Structure formats: C-alpha cells, structure tokens
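Structure, as structure tokens:
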Amino acid sequence: MTDFPDGMVWLVGAGPGDPELLTRKAERLIRSASVVFYDALVGADVLDLAAPGVRMVHVGKRSGRHSKDQGTIDKLIVAAALAGERVVRLKGGDPSIFGRATEELDACRDAGIIARVCPGVTAASAAAAGLGQSLTLRGLARKLVLVTAHARAGEELNLDWQALADPDATLAIYMGKAAATAVSRNLILAGMPPETPVALVESASLSNERHFHTRLDLLPLAAKAALGDGPALLMVGKAMAERAGNSHAMQHAMKV
Ligand code: SAH
C-alpha cells in the first residue's frame with residue numbers, strides 16, 4: 001500500500017468506542033498493520049479488525065494505573081518501525097486530543113521514521129450525539145472548549161478557572177471524573193451561575209452508554225452517585241440544558 005510502507009508509523013484515531021465510528025481510512029490502516037499498539041480505551045470490536053496473527057500490544061494507560069510510561073511506548077513504536085514493521089498506534093478518540101501524539105510523532109521523526117496521523121471522532125462529539133444535543137448553540141454557546149481536568153497524583157488542578165467560567169462556552173471536560181468537586185467549586189467561585197446546566201456522559205457510543213443531566217452546584221454529588229467505571233465526560237454550559245425527549249435513553253424509555 002503506497003501510504004503504508006514497511007517501517008512506517010500511523011497514529012490512528014480509534015474513535016469513542018463504537019467501531020462504526022471509525023473512519024474508513026482507520027479501518028484500512030488497522031487491517032494492513034503488521035503490529036498494533038493500543039490504548040486501554042480502544043474497544044475489542046476495533047481490535048478485531050486487525051489481520052489474524054498480527055501482534056497486538058496493549059500499552060494502555062488509565063488514570064492511576066499506568067502500565068507503561070510514555071518514554072517506553074515511544075521506544076517500542078520506534079523499535080518496531082526500525083525493524084521494518086507497519087506500525088499502527090491506536091488511540092481512543094482523536095489522537096491529537098489529550099493523546100500524547102506529539103511525543104510519539106517527535107520520537108519517530110527523531111529516529112528518521114515517517115509518521116502520520118489519521119484523525120478520529122473525539123469523545124465530546126460522540127457524547128453530544130448520544131445526548132441528542134449540539135455542542136454549540138446559536139447565540140448561547142459560541143465556543144467549545146476542550147479541557148482536561150487530569151492532575152498528577154497529589155497535585156492541585158491548575159486551570160485558568162476565570163477563563164473557563166465563560167457563559168458563552170460549552171466546556172467539554174476530559175478526564176474530569178475525579179475532579180468533579182474541584183471543577184464545580186472553582187467554576188462557581190469564578191462566577192459561573194450554580195444552576196448552569198451540566199451533562200455527564202459515560203461510555204459514549206458504546207452499548208453501556210449512560211447520560212445524566214444536572215447543574216453545576218450538584219455536579220459533585222451527581223458524578224459520585226451516577227458515574228461508574230467507564231470513561232466519562234463532564235459537559236458544562238447552556239447548550240447542555242436538558243431538552244425533552246431527545247436523548248437515546250429518553251427515546252428508549254418512551255418506547256417501553
Ligand atoms: N483522545 C481521546 C481522549 C483521550 S483522554 C478523544 O479524542 O476522545 C481520555 C478521556 O476521554 C477519558 O477520561 C474521558 O474523559 C474521555 N473519553 C474517552 N472515550 C470516552 C467515551 N466513550 N465516553 C465518554 N468519555 C470518553
């Protein structure tokens with residue numbers, strides 16, 4: 001294949017979980033890889049697309065449970081490419097959003113390896129689709145802010161709360177489950193109204209997807225009570241106000 005010679009690396013976005021949300025390019029690249037390095041959030045249905053006998057290497061990281069550090073992952077990818085493999089590095093969602101893509105691209109380029117990126121559907125898009133809502137809303141949500149609320153163990157979350165407390169924005173907060181209390185407190189302290197709508201979406205696009213609507217001041221309670229083990233997004237802003245009858249769950253509830 002002309003765009004995937006031996007010794008090349010593709011960083012491929014695996015999307016939010018549902019294999020039908022892969023791009024056709026991602027699917028083709030996965031099928032033609034000779035080795036696949038994948039993250040914890042990449043689902044089994046996506047991994048099944050690889051050719052039989054292909055080496056599948058789990059290099060997953062979930063917060064608090066780092067199985068391989070970034071330097072090790074970089075080295076593994078580079079070594080595989082230098083050995084002449086066609087390397088797919090599969091990442092959840094879009095590789096360029098909270099995906100450490102730059103480190104891996106730089107490591108490849110430093111070793112003289114050609115590395116390219118295949119984009120993917122990011123979790124915020126899948127979450128909005130699951131809610132049946134738009135991330136932007138004419139006149140009310142003119143901005144979409146993708147932000148991570150992940151802090152290193154034992155460190156304070158260091159975000160510009162003043163800038164985030166923007167009444168015209170939708171905040172899509174990645175890796176925010178553990179920080180729900182800090183997010184709520186700091187945004188309210190920075191002037192965001194306590195009744196600002198919040199949507200919580202867990203396992204977007206997967207069969208166990210769940211969503212909940214709450215308000216900013218109740219977010220800590222809601223996150224604790226409602227969220228399970230799956231990856232989750234906290235989505236804050238006027239565009240996230242509950243709208244009758246538009247989510248999957250609602251439609252399902254109405255049918256039964
Ligand atoms: N590159 C990924 C994000 C990686 S950070 C992307 O573009 O989506 C990992 C965080 O993404 C998780 O902690 C969670 O906040 C979010 N996430 C990933 N998949 C998700 C899903 N299916 N549903 C909800 N949130 C998800």
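Bear in mind the structure is a predicted one, so any value in this text is a computation, not a measurement. Counting convention: from 1, in listed order, for ligands and their atoms alike.
The closest approach between any non-hydrogen atom of A232 and ligand 1 is below 4.0 Å. Under the 4.0 angstrom criterion for non-hydrogen atoms, G99 is not in contact with ligand 1. Residue contacts with ligand 1 do not include G17, since none of its heavy atoms lies under 4.0 Å from the ligand.
Screening K75, E103, E104 for a side chain to side chain donor-acceptor pair (under 3.5 Å) involving Q70 leaves a single residue, E104.
Contact record, E202 with G228: OE2-N, 2.7 Å, taken as the closest heavy-atom pair.
Not one N or O of V121 is nearer than 3.5 Å to an N or O of ligand 1, by distance alone. In terms of polar-atom proximity, L41 is not counted as a contact of ligand 1, lacking any N or O under 3.5 Å from an N or O of the ligand. In terms of N/O distances under 3.5 Å, ligand 1 is not approached by G176. Annotation: D94 places an N or O atom under 3.5 Å from an N or O atom of ligand 1; distance criterion only. When only interatomic distances are considered, the shortest N/O to N/O separation between T122 and ligand 1 falls below 3.5 Å. Residue V201 has no N or O atom closer than 3.5 Å to an N or O atom of ligand 1.
Ring centroids of Y38 and H58 are separated by less than 6.0 Å, placing the two rings close together.
Residue-level proximity to ligand 1 for T148 is absent, since no heavy atom of it falls below 4.0 angstrom. With a heavy-atom cut-off of 4.0 Å, S203 touches ligand 1 through its backbone alone.
Closest heavy-atom approach to atom 12 (C) of ligand 1 within the set M175, R100, H150: this belongs to M175.
Close approach to G92 involves these atoms of ligand 1, each under 4.0 Å from a residue heavy atom: 1 (N), 2 (C), 6 (C). In the vicinity of P16, heavy-atom distances shorter than 4.0 Å reach the ligand 1 atoms 22 (N).
Atoms CZ and CG, on R215 and L221 in that order, are 11.5 Å from each other to the nearest 0.5 Å.
Taking the charged nitrogens against the carboxylate oxygens, D39 and R89 do have a contact shorter than 4.0 Å, which makes a salt bridge. Electrostatic pairing of D6 and R86 counts as a salt bridge here, judged by a charged N lying under 4.0 Å from a carboxylate O. A salt bridge links R28 with D3: the distance from a Lys NZ or Arg NE/NH1/NH2 to an Asp or Glu carboxylate oxygen falls below 4.0 Å.
Evaluation of the ring-ring contact (aromatic ring centres under 6.0 Å, His included) rule for F37 yields no partner, not counting sequence neighbours.
With a 4.5 Å cut-off between side-chain heavy atoms of Ile, Leu, Val, Met, Phe, Trp and Tyr, the cluster of V198 takes in V145, V147, L157, L159, W161, L164, L171, I173, V183, L187, I188, M192, L200, F212, L216, L219, L227, L234, V236.
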